[in-house]
Amino acid sequence: MAQRKINGNKLFMIVLYAVAACSAVPISDLLDRASQRSDTLHSLSTMLTQDLDSHFPPIGRIIMPRPSMCHTSSLQTPNDKEQALQVSESDLMSLARSLLQAWSDPLEVLSTSVKTLPHPAQNSISNKLKELQEHSKSLGDGLNILSGKMGPAAQTISSLPYSGGNDIGQDRISKLTNFHFLLSCFRRDSHKIDSFLKVLRCRAAKLQPEMC
Amino acid sequence: MLRFHRLSGRVSFPGTAGAHVSCHQGSDTKSPSLLFWEPAEESPPPPPAPRHGLRQLITHCQLLPRLCGAMMKKAVEVILLLFLLVSMPHAKGTRHSPPGKPTLTRCRSPEKETFTCWWEPGSDGGLPTTHALYYRKENSETVYECPDYRTAGENSCFFNKNNTSIWVNYNITVVATNTLGSTFSDPMDIDVMYIVKPNPPERLAVTVMEDKSWPFLRVSWEPPHKADTRSGWITLMYEIRVKLEQENKWEMHLAGQQKMFNIFSLRSGGSYLVQVRCKPDHGFWSEWSSTSYIEVPDYFPREKSVWILITVFSAFILVILIWLLHMNSHSLKHCILPPVPGPKIKGFDKQLLKNGKSEEIFSALMVPDFPPTTSSNFEDLLVEYLEVYIPEGQELMLQESKDLHDGCLKSESSTSDSDSGRGSCDSHTLLIDNCGEAKEEERQQDQERMGVEAQRHQKDWEEKGLNYAHEDIVSPDMSSGRVKTWPSVFSPLPQYSSNPPDQQSSLEMAKQHYLSDSLFLPDSSSTYLTQPGHSTRESLEPSYCEFRLSNKQPHQLHPQMQAHQQLHMAHSDVNISSIGCKQAPAGLQSPDLRSTQYVEVQKVNKEDMVLLQPVGKGCRHIELCPQMPQGDNYSKVKGVNSDNILLLQRGVMEEDRCPCEDQEINGAREHSHTASTVTTTQKPTACIHTAMPVQDEMVLAVNGYVDTAIMCTLPTY
């Protein structure tokens, strides 16, 4: 009986250590991974916009809506370094997550509409869009995990609904223009996410000054 | 009446009906005014007081000339001015125009906190033009002007931290203004996040460090001082390039985010140039930093010592190898250059060969007693075969060997030779041939007689022979169509049992029937001697002196030995009795033979009958014993004379040799392997193969081969 108890205790201790060891992935590592993924995300979006630019009608640039018309522009984000450095980590995380969350629907719309896009590089654009969606999804999952470790403030997500509907236009010009506009909005937002995460990474890597 | 419209410049004279003279003046006081005279379009109604009107008119007209004069003067001035103005540009050659369109060339932000824009002015239109940069942020309509035109140099606008916002679209326009006008450039939309190009890294330091006597370069640097990498606002990646001073090609190394890098595999004594640059995570590469020079010291002595060691070791090993080689030179020589076997011919003198005298050499080779005729080594060479060979199926080959010598065994390998390589076992020579020439008649008679008998028993014998053959002969031999060994019973025919018993003392084994190998045909029969009167039929066993062994199986010899034994038994009592009487041809019919008769096997007739012939008749060449003692045991085969006649002798007493019986002994016994050329003779004379002990004296046949007078030898007793 006593023997059993001792064994049980031992087992319990072992399990506890294992759990502790397993869960002891440092936040800095997680942030590092997240920032790498966001880096990739932004690079992909940059490539996409460049591809689109190659065959863009000049008139499209004229009628292109302003960037302030992005559906995520309502979110208050820091506009320069001082402001950004003053934001708390949780808020930064919340901002990043909100932005990422806001783009899941529009990306879906884009990937469905790319088939009808009158563009010579339609195939490569389609592939890149798929990749973009995957990366976005995995980053979202990673950020969810991270935010769980950072407190309740990081968990809040501002809702930024996309109101463009499922249609990106009827005629060729409007299609291309809307596509380009959406992707440029996404490019900016992905850059924001990347910057925020890198700031967070450096803040968490106090022990590794060589990284920052 | 004149109405003087100052402004309009109209002077109208009311007096003059229908004619209005109006003085015009330029509306603009700044510009030279011109007076235009023109009749008024409509005639204003004349004033009612004509007297007054006139008076007024007169006063007016009195004023008018003065005015007109002034106006005239002004007009002239204006004209002059105009003329000057017009002529002036013509004199200069340029034309003033509003400024050309400026263009914004680039905007850059070195650290994501400030940025600068540069523009290219257009033509200035000949007048001093000023440029102004106006910008508008994305969310507001407020137009701002550039806060700083100087910091960044000529034709630039610097936006400091306060004026810089990121993730905000700037709409920037440059206006060029001169006295004639202003021109706006095309607007440019920029976002700070897209225009980041950092400054080059600073404080590049290169040092030579040592790693186990192999030097390497350690390069270290600092990020540009404005870039804030500590807070993570900007993330920089670095790249280094190295090259030797003399070379043209740079070696690039990507260093990631670290600020230190090691470069290995340097050339000793080389002089290197090192540069570094950086790039933000999503931006442009900076310019290369200033070059840093470094010289790598010589580390040649270290290399040298290694080479010295290597040389010493290899020399040492070489010395050892040479020594080993020297010690084993002999065995090596034997290995590499094996000694050439010299000639080992007896009597061969190398010296003679070297001297080159061939005659002497070959004469030396001539051994006087070669081929050996003496019986010195006869024992070894003795192949005791008595071969009766029937050529073309007509020969009888009697063969008996005392001991199956290797010679016999050897012969089987040469079964198909056409040359004389045959042993006496399979020799086709006939004893018959060697036997003396028989008389034709007797032969004929014999033949006839024999033929009858023989033919009758031919088959029996054949059967038996075959039987024996089958027992002994290996099937492959049969398949080859050759029957190697033919044990055949040499026995008197039963018909001849009427022979006197003493005649039956004729050798039983005297005759053995051998069928020639190649000539054996199933239907053809080999003749065989039968001993008439040989009553020991039952003792007739298939006895074969010798049979060809195709596979050298000695066990097959057993029957032979058996036969030998039997022969022993038999021959003492048996005399060869000739079938054919010797005395007379008629005697051929009667099978009785005197025991003392010598029988010669003359030949084998066409019916495969061995013809016997009494010695007396045939032995011409040989001294004959005048008498033939009776009762003697003529079981001995004396030999075969030169006429291929098998001679028998009394074998009881050695000393009782008849001189006639001393005959040439066929040297057949010596070798059984020799093939006889006698086989080719057409007149085979069969020699009786008697189971007589072969005398030691054997003479070679004419051709030196044994075949012709092979005698089956039995161990003497």
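Below, read A as the first sequence line, B as the second, and so on, with proteins coming before strands; counting in each chain starts at 1. Scope of the values below: all heavy atoms of this structure, side chains included, with no hydrogens, waters or symmetry mates.
- In this structure, a donor-acceptor pair under 3.5 Å is absent between the side chains of B:N199 and B:E202.
- Side-chain polar atoms of B:H253 and B:E251 form a donor-acceptor pair below 3.5 angstrom.
- Closest approach of B:L273 and B:E245 over heavy atoms only: CD1-CA, 3.6 Å.
- Between the side chains of A:D53 and A:H180, a donor-acceptor pair is found at a separation under 3.5 Å.
- Defined by atom type and a distance below 3.5 Å, a donor-acceptor pair is present between the side-chain atoms of B:H282 and A:D194.
- Annotation: residues 68-93 of chain A contacts chain B through A:S68, A:P78, A:N79, A:D80, A:K81, A:E82, A:A84, A:L85 [non-hydrogen atoms, separation under 4.5 Å].
- The contact between B:T164 and chain A is made entirely by backbone atoms, counting heavy-atom distances below 4.5 Å.
- Annotation for A:N166: atom CG does not count as buried by contact number, only 12 or fewer foreign heavy atoms lying within 6.0 Å.
- Here B:W119 and B:F184 keep their ring centres 6.0 angstrom or further from each other.
- Side-chain contact check for A:R97 and A:S147: at least one donor-acceptor pair (N or O, by modelled atom type) lies under 3.5 Å.
- The candidate with the highest count of non-hydrogen atom pairs below 4.5 Å against chain B, out of A:R66, A:R188, A:K198, is A:R188.
- In this structure, chain A has no heavy atom under 4.5 Å from any part of B:D189.
- Side-chain polar atoms of A:S138 and A:R37 form a donor-acceptor pair below 3.5 angstrom.
- Interface remark: A:S43 contributes backbone and side-chain atoms alike to the contact with chain B (heavy atom separation under 4.5 Å).
- Interface summary for chain B: among A:D189, A:L200, A:V199, the most heavy-atom pairs under 4.5 angstrom belong to A:V199.
- With a threshold of 4.5 angstrom between heavy atoms, B:E113 approaches chain A through side-chain atoms but not through N, CA, C or O.
- Put simply, of B:V168, B:I234, B:L236, the one with the most heavy-atom pairs under 4.5 Å next to chain A is B:V168.
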